[in-house]
Amino acid sequence: MRQTQNERLTRTDPGTPMGDLFRRYWLPALTLAELPDADPVRVPLLGEKLIAIRDSSGRAAILQEACPHRQASLYFGLCADGGIRCPYHGWKFDTDGNCLDIPGEPDGSTFHEQIRITAYPTVQRGGVIWVYMGPPDQQPEPPAFEWATLPVENLFVTRRIQDCNYLQTMEGGLDSSHLSWLHGGTILTDTVLGIGGPGTDSRILDIIATDRKPVYETLNTAGGLLLGARRNADETNYYWRITQFIAPCFNIIAPTGDLTLNAQAWVPLDDQRCWSWAVNYYVDKPLSAAERDAMRKGGGLHVEFVPGTHQGVANHDNDYLLD
Ligand code: FES
Ligand SMILES: [Fe+2]
């Protein structure tokens, strides 16, 4: 790929070609669990500094982080009475971005009516607050991924920061061949969610470990791109792993046996980092307490988090805990 092509695909600030494309989709912004109350949460997306809040009626909103007055961060603002108040001079905004009050103005002033901040529409689905950052007249139907239509008991969903652009990590998510190498160890040891888990076909382990030259085939469908990785199973059979890609940044990974279905999304945070979303789910039953516990500890598609952060315990700064 040429540098110009790479830049075209990975730059997502407002006004860039890919930035415009991403802004035509509902994107996962944060989990419901991250916004239990009125305390603002930072959700930088597509190069824009944003915060999520809940107003006193429980409605979630995603707003620009910088106060338009002197650029103080509304992350430190106080949510009360239908909006958020800037900590610096007290300007107050509602969840639609309207300025409700400028305390320093003379009595009777209507200056606040001229002030607005960016406020993006949200929907809550599948344990996630989704945001639409595009033109209002182009807003699509709410996200309908199967996992996004399920009760929250059926799924476990997390987001983490990855220190690379979305395209780099998305490429890994769509690439079945590295399974034979990078994830060979975890496939063996992840007994709750891995291929070595209960109810799974242990031959798959051998096939993935043995045939390290998968042959790819792709198929364009109305619902996205199917990516098939074909490995030799035995003298007469193939083993196919089918991954679905759904534009602009979603996938569904083949489940193994009766284990959970798996989905991922890679949403640009800015041009150098992305939010890596991981979902493990059952369509027809809740996850067990043991499965949830294992995922909290980094099982399945998840990582164990440094408490209070979106950073995995094993991360770039500590060489992923390799000694
Ligand atoms: S900077 Fe927000 S009110 Fe002044
Ligand atoms: Fe991977």
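As the structure lists them, so they are numbered: ligands from 1, and atoms in each ligand from 1.
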Is the ring centre of His302 less than 6.0 Å from the ring centre of Phe156?
-> yes
Going from CZ on Arg23 to CG on Asp20, what distance comes out if it is rounded to the nearest 0.5 angstrom?
-> 7.0 Å
Worked verdict on Thr16 versus Arg11 for side chain to side chain donor-acceptor pair (under 3.5 Å) = CA-CA 7 Å; Thr16 59; Arg11 296 197 169 166; over 6 Å; no
Separation between CG (Leu74) and CZ (Arg85), nearest 0.5 Å, reads 12.0 Å
Using 2.8 Å as the cut-off, note every protein N, O or S atom close to the Fe ion (ligand 2).
-> His178 NE2, His183 NE2
Taking the side chain as every heavy atom from C-beta outward, state whether Val303 and Asn315 have any atom pair closer than 4.5 Å.
-> no
pair Arg116-Asn98: side-chain heavy atoms closer than 4.5 Å = yes
Asp94/Arg59 ion pair, N-O < 4.0 Å = no
Arg159 and His310: side chain donor to acceptor below 3.5 Å | yes
Is the NZ or CZ atom of Arg212 both under 6.0 Å from the centre of the six-membered ring of Trp181 and within 45° of that ring's axis?
-> yes
Give me the protein N, O or S atoms that fall under 2.8 Å of atom 4 (Fe) of ligand 1, sorted by chain and residue number.
-> His69 ND1, His89 ND1
